[in-house]
Every structure is written in structure tokens, then in C-alpha cells.
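Each remark here refers to the structure printed beneath this line.
Chain naming here is simple, since letters A, B, ... match the order of the sequence lines and numbering starts at 1 in each.
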Amino acid sequence: MTIKTRFAPSPTGYLHVGGARTALFSWLYARKHGGQFVLRIEDTDLERSTAESVNAILEGMTWLGLEYDEGPFYQTKRFDRYNEVIDQLLESGHAYRCDCPRERLDQLREEAMARKEKPRYDGCCREKTVNPDEPHVVRFRNPLDGAVVMDDMVLGKMVFENRELDDLIIRRSDGSPTYNLSVVVDDMDMEISHVIRGNDHVMNTPRQMNILHALGKAPPKYAHVPMILGDDGARLSKRHGAVSVMQYREQGFLPEALLNYLVRLGWSHGDQEIFSLDELTQLFDIDQVNKAASAFNTDKLLWLNQHYIKSADPARVAHLLGYHLGKRDIDPANGPELMDVVMAQRERAQTLEEMAEISEFIYRDFDDFDEKAAKKHLRPVAREPLERMLVALEALEEWTREKLHATVEQVATELGLNMGKVAQPLRVAVVGRAASPGIDDTLFLVGKEATLRRIDEALGYIFDREANTGEG
RNA sequence: GCUCCCUUCGUCUAGCGGUUAGGACGCCGGCCUCUCACGUCGGUAACAGGGGUUCAAUUCCCCUAGGGAGCGCCA
């Protein structure tokens, strides 16, 4: 059997992490088995589907690198086919027209709830003959007894009693097909062998299997993957911040980090945490996926992201960093080689956004010293080391890390101080705060001109402080 | 309310009848060190509860509790 999976989002919002993981699982499953992966846009809800959402989903898939072999298919372009199937069902008696007014349906629901029963359609029109020219919907004639058995690849064997199911609408009064009908037709026509989807679809499965059965087709294999919960264990929602995959890019995450994080939510391979896509296509399997929902933990994602920032090709990281610097109105061309910045900062940043932030000092003078840092390091005792550094650096002809390191070391030795006593005031003077890459890297990246200017500024600051407090 | 599903450290998880219940993130501490990090070493912390089955249950069964999903002319 040739393996074919699909990812079928509805374009009513952005691609979120839950959808992305489902897509990843489907993609991996297809890749692992040398099969095909299909992208299908489920836009039968004309009211809520938008072109922006379609673009956002396509963009998200591209960013993640989940390329599809077929599609994107749009259900709105297949209405004729769905109607053909509905008519076929009508003809064979597996479906019937229903003209129950909405008010009656609402009332039915309320009454059932009041009786503490599950709200279901009562089958009122099952045996009625409804005029096709009058307003009506088409319902699927679900079997009244018996049971549907689904052998789910993650949930295991599940049995649904037909009497728990009601006659679902498969064609709306406006003539458009509904979800449960169109998925069945599409999965059938596109020869999807494995339906991998979110847990929220479990209850649809027996209905879809019944429709398939009425059509005389064998059902595909199903795998219902658990939901992803928010940091707080509650259902993931907009309240949790970045739920859209593209927001993670904006925040400076690498796609491989997000993918690696997502695949470990519900799936594992022994104690291994880091997986390349190649490894995953070898190791992943859907029946090892957990049944229980899992909570999204941003701290772990950050850890993975830093791991990938550290191990990714610096040239690529540099390119990406350029984008994030640009968001801060910084033109990387007006500074050192971006690669040098990356090499100096990649062990200090968990995201590219953070890397851009902590690298600002390289490109422009800061407005104020960090209060705590200045208080601690820009004290009168630091005046002499800084004055000496100023002179020594001014005289330095080769602005290299080696020379810079030697200079700092020499000044420290001359004054009988340890490195820290010189490097820290110098760091605060040049960076504005107490944390930065090694002092030689820091000075190298800032450049001679800005370094001298900022040391001078810092000396002025110390001078003012001495004058004001009488410290000394 | 009804139907179905789930339940190991705070979080992600390993475990598939006999383990000092393992790893990872986080957190705490040591080392490294010019700062911050990185790295490294160590520590903290879990089988939801109750019944069975068994020589033996985290592992199998049942019940309870808690959590989730579904119950649309949404997907």
C-alpha cells in the first residue's frame, strides 16, 4: 500500500502550534514510509474562510519547511464533486432531505438538554418526502443500530454505538456541502491512506466511517493525536501569546528548534532530545505517540532554540540576525562583520531577537549607563584604569582581539590589579551595562573610535560623580 | 447533562510484572571565569486515590476523583 497523508487546516486563522505539530507528524509519517504528503485547504465555510488565513498557513508551512507533494487543494473548487456524491447518497437512500426549521432544531436541543440527554436530531424527516424545490438540507441516514469500530493508531480500538450518533447534515440549505461530507469525499478521492489529525476529531470519525461505508469504500487508517495545552495547562488560546507559528519567527526562533520541540510533545525516542529532520524521518512513528495532552513549555523551546542558534551555520544565523537588527533601525552594514557578532553572541542569546537586543551597543551609543552597573563599576577607583586604557588604546595601531587583550592585561599588570578590576569598568564604559562578550571581543566589535569616545564619556561620568559626592 | 478519551517529578517524557523509578527543561549549589553566558559536576522533585489479580504491581482489571474532547446548516 502506498502511504499518503494530508494536512487539512481550515483557513479561519493562522497556523498555530497545534496544527503545525499535526502537519509535522503527517509529513514525517509520509516521509518515513516513502509516501506522499498532501496539503488541503478546508474552506467550505464561506463565512469564515479568508485569503489572509490561507496565505498565513502557506507561509507557515514554508517557513517550517514542511513541503507538500500535492496541493494545496481547495475544497471550494470541488463543490460539484461533493454534490455529485450527495446526490448519489440521496439516490441510494443513504441520505434524505429535511425541511425542519431551525427553530424546531433549537427547541429539540434545549429539550434534550433539559432532560439531561445528549442533544440529537430526532429523525423527523427520515421517512418524509420533501420537495427538492422547497428550502431544505440533506442529512445522512446514519444506521440506527450496530456499532462502528475504529482501530486508531494512537488511541487503540474504539467502539461507537450507532444509536449515539444522529443524522448529520451533509448539505446546507444554501446548497453547500458540510465538513463531514467533504472530508470523506476528499480523503477518498485523493486516496489518503492515513488520516492523522487532532484529537478533537475523534467523534467525527464514526460518522465519516459510516458515510464511507454507504459509499462502499474502505476507511483509511486513523491516528488522533492529543491536543497541546498552554503553559498553564489550560487550553491553548490567544491569551498565551505566540500561538501563531509565524510569531515564533518574529520572536527570533529557528524553524528547526520549533520542529524539534513540537515533535517531542507526545513523542519520544528513549532519552534523546535533539533530533534533526533526517533523524526524525528515520525514527518517528505514529504509533509511539502518547494519548495524553501535553503542555507547551516555552522555557524548553528557548533552550532548544539556543542549542540550534549555537550549532547552526553562523553565516545563516548572521543573515537572520540582520533582519532582527533591521527591526531596530540598525543597518548591519554600519558595523563589524555580522558573523563576528554572531560568534561573540550566540552563547548569550536564546532567540535572534535577544541577540539583536544585546548587540545594539555595537552599532550605536547607549543613552544611559545601567544604574546598578555604573554604581558598582564606574567609581573613582576606576578612573585611573580607564585613563590608562584610554591612552593605551588610542596608541593602539592594530585593533585586533589579540592586541586588545594584551592591552587590557598590560594595564592591569601595571596597576597591580587583576583583570576584572580593569575589564569591568571598561565594559560598563563601552557597553553601558555589566554584561557583554569577552572584553577583547567587545572592544573589537565596538571599534576604536566608539570605544575611545565612550571611555571618555565614562570618565566624565566618574568626574561628575566625584564632584557631587566628594567620594574619592 | 450525555458519549468518548486521558492521568509517572512544576513541565516534556523513559518504563511495557521484579529498577536505588531513568533522561531533558526549569530551579538550587560547586567548578570554570574579566562580566554575562556557554560548558561541566552535583542536588531538588513523580507513579492521583481506593479496591482487586499475582509470589510480586508504576506496569493488568474495576471503581472514585481530577483533566480533556465532542454533542452546529463550524471545521
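- For B:rU53, there is no paired nucleotide, since no Watson-Crick or G-U wobble pair has both relevant distances below 3.5 Å.
- Each of A:Trp267 and A:Met158 was assigned the nucleotide of RNA chain B with the nearest heavy atom; the assignment lying further toward the 5' end belongs to A:Met158.
- Between A:Trp267 and A:His269, the ring planes are parallel. Angles under 30° get that label, and only those over 60° would be called perpendicular.
- The residue among A:Ala292 and A:Asp299 whose nearest nucleotide of RNA chain B is located toward the 5' end is A:Ala292.
- Between A:Ser268 and the phosphate of B:rA14, there is a side-chain N or O to OP1/OP2 separation shorter than 4.0 Å.
- When the C1' atom of B:rG72 is taken as reference, atom CG of A:Asp45 falls 11 Å away, rounded to whole Å.
- For A:Glu273 and B:rG23, a side-chain-to-base donor-acceptor distance below 3.5 Å is present, hydrogens and geometry of angles not being considered.
- Residue-level contact check: A:Ile439 touches the bases, meaning some heavy atom is under 4.0 Å from a base atom.
- Between the C1' atoms of B:rG10 and B:rA46, the separation comes to 10 Å (whole Å).
- Pairing for B:rA69 goes to B:rU3, judged as Watson-Crick or G-U wobble with the two contacts each under 3.5 Å.
- Within the nucleic acid shown, A:Lys118 comes within 4.0 Å of at least one base atom, counting heavy atoms only.
- Here A:Ser294 reaches the OP1 or OP2 of B:rU13: one of its side-chain N or O atoms lies under 4.0 Å away.
- Under a cutoff of 6.0 Å and an axis angle of 45°, A:Arg40 and A:Phe73 do not form a cation-pi pair.
- Across all strands shown, B:rA24 is found opposite B:rU11 as a Watson-Crick or G-U wobble partner, with both distances under 3.5 Å.
- A:Asp145 CG: 12 or fewer foreign heavy atoms inside a 6.0 Å radius.
- In this entry B:rU40 has B:rG30 as its Watson-Crick or G-U wobble partner, both defining distances falling under 3.5 Å.
- Note on A:Pro9: nothing from the nucleic acid sits closer than 4.0 angstrom, heavy atoms only.
- Counting distance only, with no hydrogens placed and no angle test, the side-chain atoms of A:Thr178 and the base atoms of B:rC73 include no donor-acceptor pair under 3.5 Å.
- Note on A:Arg383 versus A:Glu387: salt bridge recorded, some NZ/NE/NH1/NH2 to OD/OE distance being below 4.0 Å.
- When atom types are taken as modelled, the side chain of A:Arg427 and the backbone of A:Pro437 share a donor-acceptor pair closer than 3.5 angstrom.
- Residue contacts for A:Thr44: at a heavy-atom cut-off of 4.0 Å it reaches the sugar-phosphate backbone alone, with no base atom in range.
- Counting atom types as modelled, A:Asp271 pairs a side-chain N or O with a base atom of B:rG22 as donor and acceptor under 3.5 Å.
- Between A:Lys310 and B:rG39 there is a side-chain N or O to OP1 or OP2 distance below 4.0 Å.
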